[in-house]
Amino acid sequence: MQYKSVALLSMLATIGGVVGYGYFNEWIIFRNPWATPSHTVLSSFHLHKKEIQLSFWRHHAWHCEYTTVRLAESLQEQALTILQAWFHEAVQLDFVPRSCALETALYDARASCLYLSCTLSPLDTQKSTYKNLMVLESLLKTIRENIPHHIQSVQLLVNHTVLENPYIVCTKPMPVSGFITLHS
Amino acid sequence: MYLFNCTTYHRYFMSYGWIVICLISVQSTQPFHLILDPAGDAKMPGRQLTTCTERSVTLQFCEMLKKTIVDQIPQCTVTITRTAGETRTQEQRAQIANQLQADLFIHISCFNDDLLRPQLAFYYTASSVTHSVSSPYTLIPVHKSFDFVAKQTNHRVHTLYLSLNGTIPYTVQAPCAIPDARLVGLMIPACTLECGITHDVPWTALIEPLANAIIDCMGD
C-alpha cells in the first residue's frame, strides 16, 4: 500500500514536471475559452494596400519602380514601410551598400523632421560625391512623392547615432526638397 | 593694413572714406592668392584608386597645378594646405584659408571612374540665409560661415565651370550647391573640384586647362 502511494506520487510529480517544463518553454499553451478571440484584436489594425513609387537616379535619368505595400494608419508606420521598401529595392539595384536597411523612422514633436535610422551608412565613401548625392536625392524624392505629410527635413542616422560622412555634411537635417532642385 | 578683417574694414570705410579709397587702389594691385587643398592626409588616405590612393594623386595634382600657375603668373601666390606626411583637420584647413584671406580656395578630390569619359564636378556650399553682423565680435556657427561670401563664390565657381566646359576630355557637371563637408568653416570663396580618374584619360591632361580657367577667374 505504501509502495503504491509512493509510486503514484512519483508518477504525478513526473507528469507535473513535464507539463510545467512544456508550459514554460511554450510547448503547451493554455488559452481562456471566454477571452476575446485574437482575430478580433488583429482586425483593429486597419491595413490598406497602396501602390507606391520608388525613385532612383540611374544612368543620368530618374527611374521609377512601382510596388504595392500594406500601410498601417500610423504615419510613422507608413513612413517606415515605404522607406523600407525603398532601401530593399536600393540594395537589389546595388544603389546602396549591401546589408544596409532601415531600422526606424520617427517624426519629431512637430512632425516636421523625419529621422531615419539605418543599420549601415547608405553612402559609400569610395564612390564619387555625385553618386552619394544622388542616393540622397532619390531617397528624398521617394519621400516627397509617397509620404503625404508636411515634412520639412530629413535626418539620416546610423544605428540611432549621427551619420558622419567625409564629403557631405549629414550631421544636420537635409531639406526634403533636396539640394539640386533648390540650388542649381 | 591688409590684416583688417571685413568688419573692421567696413568700420573704417564708414569713418574715413578717403583712406579706404587709397586702400582700394592699393588692394587692386594685390596679387591673387589661391589656396589648393589636396584631399586626404597622412592619416586619411581617401578613396582607393587603381594603383594608389587619393591623397597621393591630389597632392601631386596640386603641386603641378601650382607650378603651372606660378610659371604663367609669377606674382600669383599659391598655397598648398599640406605637404606629404602631414595631417590637417578640417578646422586647420579652414583656419589657414581664413587667416590668409585668400581670393579662392579649391579643394581637390578624385575618384575611380568606371565611365569611358571621366567626370568633373564642382561643389560649393549651399547658402541658407543672409546674415548681418553688427559687431566684429559676433560669433558665427561654422556651418553658416560660408554665407558671407556666397555671392562671390557662386560667381567664381561658375566662371571656372564656363572656362572648362567643352575644352577638356571630361564631362563637366554644372556646379552644385551642397552642404560640403570639405568646405566647412571657410569664410572665403571656396569650392571642391572632384575629378574622375580612368585608364584612358590621364589626370595630368586637366592641369593646363584648369590653370587657364583659374587665371581667367583672377582677371574677372
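Predicted model only: the values in this text are computed from it and were never measured. Proteins come first, then strands; the chains are lettered A, B, ... in the order of their sequence lines, and each starts at number 1.
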Checklist outcome for this item: Tested for side chain to side chain contact (heavy atoms under 4.5 Å, CB included) against Y123(B), the lone hit among F179(A), Y167(A), Y130(A) is Y130(A)

Side chain, backbone, both or neither of [X] within contact of chain B (heavy atoms, under 4.5 Å):
X: L133(A); value: side chain
X: K172(A); value: side chain
X: T125(A); value: backbone

For atom [atom1] of [X], decide whether the heavy atoms of other residues, nucleotides or ligands shown that lie under 6.0 angstrom number more than 12.
X: E26(A); atom1: CD; value: no
X: H88(A); atom1: NE2; value: no
X: K151(B); atom1: NZ; value: no
X: H48(A); atom1: NE2; value: yes

Checklist outcome for this item: Under 4.5 Å to a heavy atom of chain A? For N154(B) that would be neither

Item to check | Residue Q90(B) versus chain A: region with a heavy atom under 4.5 Å | outcome: neither

Checklist outcome for this item: Between P166(A) and R182(B), the two heavy atoms sitting closest are O-CG, 3.7 Å

Checklist entry - Roughly how far, to the nearest 0.5 Å, is OG of S128(A) from CG of D114(B)? => result 9.0 Å

Checklist entry - Can V184(B) and V169(A) be said to form a side-chain contact (heavy atoms from CB on, under 4.5 Å), step by step? => result CA-CA 9 Å; V184(B) 167; V169(A) 177; 3.8 Å; yes

Next on the checklist: T171(B) vs H60(A), test: side-chain contact (heavy atoms from CB on, under 4.5 Å). Steps then yes/no.
Outcome noted: CA-CA 12 Å; T171(B) 304; H60(A) 311 288; over 6 Å; no

Next on the checklist: For a 4.5 angstrom cut-off between non-hydrogen side-chain atoms, does T192(B) reach T129(A)?
Outcome noted: no

Checklist entry - Counting only N and O atoms by type, is there a donor-acceptor contact under 3.5 Å from the side chain of Q126(A) to the main-chain atoms of Q48(B)? => result yes

